[in-house]
**Student:** 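Take a look at the following structure, please.
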There are 2 protein chains.
Amino acid sequence: MKSVQDIVTEIQDAGLKVTPQRVAVIQALYKLNHPRAEEIYKEVSQNIPGLSPTTVYNVLDALVEKDIIKRVKTEKGVMRYDAVPDHHHHMYCITTDRVEDFFDPELDNLLQNYFEKKQLKGFKLEDIKLQLMGKFE
Amino acid sequence: MKSVQDIVTEIQDAGLKVTPQRVAVIQALYKLNHPRAEEIYKEVSQNIPGLSPTTVYNVLDALVEKDIIKRVKTEKGVMRYDAVPDHHHHMYCITTDRVEDFFDPELDNLLQNYFEKKQLKGFKLEDIKLQLMGKFE
DNA sequence: TTTCAATTTGTAATAAATACAATTTAATAA
DNA sequence: TTATTAAATTGTATTTATTACAAATTGAAA
Ligand SMILES: [Mn+2]
Ligand SMILES: [Mn+2]
Ligand SMILES: [Zn+2]
Ligand SMILES: [Zn+2]
């Protein structure tokens, strides 16, 4: 969990204005697990009555743009968001829509070595993300 | 490319009725590259005037259900479809929305071995998909 | 051929996301 | 502190992707 001061500094460093809406969206992202925009809206609305859904989308776009948060791919055609911008992978539950973070530097090394040898013709590889599909028990 | 007869057999084997719409959707999927439903609709409409967009969605859902085709995750909140149901990975272009197939049994082996040793607590891993992010040249 | 469940169609409805003009506000400087 | 202003938020309308559902049609079995 990040302190409010850390969040404020993060927003400032990105050259964005620090607004209650932005701080609250980031806090909601930490509280919720890879939520959709609408879930964030519901959560943040409790602290900021009168919040506009449009603002949530605006804030999320701005934070993604500045690499403070990330988008997460899902099977369904709905966007989800990730409080963790650092490189990591995801475990997807096949039956529910649960998504969990997966950090593994050893695996990252393995993959990096593999793709250094193996040349992908016509494609400049910049990042590898794993989707671990399965079931949480 | 698959012959019409192969497609017909595939649909029959799945226990579905063989309709011109279903055959044409599968053909369109082979012709187009990981298209959206709307692109498939436009393509198939040329051969089947009066085609309903709803039918395209219905057909795609039925084919996914029967594992004849697959859905593809994308950054954007739009579903895309894949003619290839067999296990493979994807190269995503960061700048355009291009997606290309990536088959690599050697890598699959490497990953399988890695995850056989490494235990994921509380998660039963069933499939690993790589998202290779980069740029086509 | 006849039958009928499965499929397609057409229309309406929903959900997620975006456009945009008016209002408000955070940050800066006087 | 107050004034200034570009940036951000809000509210409303709109778009886009998808789904719901009832009526019409049709593929395949009898
Ligand atoms: Mn957006
Ligand atoms: Mn669908
Ligand atoms: Zn994550
Ligand atoms: Zn593919």
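Labels below follow one simple rule: chain letters A, B, ... track the order of the sequence lines, proteins then strands, and each chain is numbered from 1.
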**Student:** Mind calculating the distance between CD (A:E38) and C1' (D:dA17) to the nearest angstrom?
**Tutor:**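 Going from CD in A:E38 over to C1' in D:dA17 covers 17 Å.
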**Student:** Let me know the distance between NZ of A:K17 and P of D:dT9, rounded to the nearest Å.
**Tutor:**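 Answer to the nearest Å: 9 Å.
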**Student:** If you find the nucleotide of DNA chain C closest to B:L16 and the one closest to B:P53, which residue's nucleotide is nearer the 5' end?
**Tutor:**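 First, find each residue's nearest nucleotide; the 5'-ward one identifies B:L16.
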**Student:** Report which part of the nucleic acid A:T19 touches: base, sugar-phosphate, or nothing (heavy-atom distance under 4.0 Å, all strands).
**Tutor:**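 Sugar-phosphate contact only.
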**Student:** How long is the line joining NZ of A:K66 and C1' of D:dA7, in whole Å?
**Tutor:**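 Going from A:K66 (NZ) to D:dA7 (C1'), I get 12 Å.
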**Student:** Can you tell me the distance, in whole Å, between the CG atom of B:N58 and the P atom of C:dG10?
**Tutor:**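 Checked: the CG to P distance equals 13 Å.
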**Student:** A:L51 has an atom CG; how far is it from atom P of D:dT9, in whole Å?
**Tutor:**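 That distance rounds to 9 Å.
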**Student:** How many Å lie between CD on B:E65 and C1' on C:dT7, as a whole number?
**Tutor:**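 Value for this atom pair: 15 Å.
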**Student:** Side-chain N or O of B:Y57 less than 4.0 angstrom from OP1 or OP2 on D:dT18?
**Tutor:**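 So the side chain of B:Y57 is within the cut-off, an N or O lying under 4.0 Å from OP1 or OP2 of D:dT18.
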**Student:** Under 3.5 Å, is there an N or O donor on one side and an acceptor on the other linking the side chain of B:T55 and the base of C:dT7?
**Tutor:**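 Check fails, no donor-acceptor contact within cut-off.
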**Student:** On DNA chain D, compare the nucleotides closest to A:T54 and B:R36; which residue's is nearer the 5' end?
**Tutor:**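 So the residue in question is A:T54.
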**Student:** Under 6.0 Å from the six-membered ring centre of A:F136 and within 45° of its axis: does the NZ or CZ of A:R98 meet both?
**Tutor:**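 Judged by the rule, A:R98 and A:F136 form a cation-pi pair.
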**Student:** Just the rounded figure in Å: distance from P of C:dT8 to CD1 of B:I48.
**Tutor:**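 Roughly 9 Å, once rounded to whole Å.
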**Student:** Should B:K31 and B:E43 count as an ion pair when the cut-off is N to O under 4.0 Å?
**Tutor:**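 Counted as a salt bridge, because a side-chain N and a carboxylate O are separated by less than 4.0 Å.
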**Student:** Measure from the side-chain N and O atoms of A:H34 to the backbone N and O of A:V99, and report whether any donor-acceptor pair falls under 3.5 Å.
**Tutor:**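 Checking the backbone N and O of A:V99 against the side chain of A:H34, a donor-acceptor pair under 3.5 Å is found.
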**Student:** Could you tell me how far apart A:R22 (CZ) and C:dT25 (C1') are, to the nearest whole angstrom?
**Tutor:**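 Atom CZ in A:R22 sits about 11 Å away from atom C1' in C:dT25.
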**Student:** Under 4.0 Å from OP1 or OP2 of C:dT9: is there any side-chain N or O of B:Q21 that close?
**Tutor:**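 Checking C:dT9 against B:Q21, a side-chain N or O does come within under 4.0 Å of OP1 or OP2.
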**Student:** B:V56 pairs by side chain to side chain contact (heavy atoms under 4.5 Å, CB included) with which of B:V44, B:D61, B:I40?
**Tutor:**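 It is B:I40; the other options fail the test.
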**Student:** Does this structure show an ion pair linking A:E39 with A:R36, if we count only N-O contacts that are shorter than 4.0 Å?
**Tutor:**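 Salt bridge between A:E39 and A:R36, a charged N being under 4.0 Å from a carboxylate O: yes.
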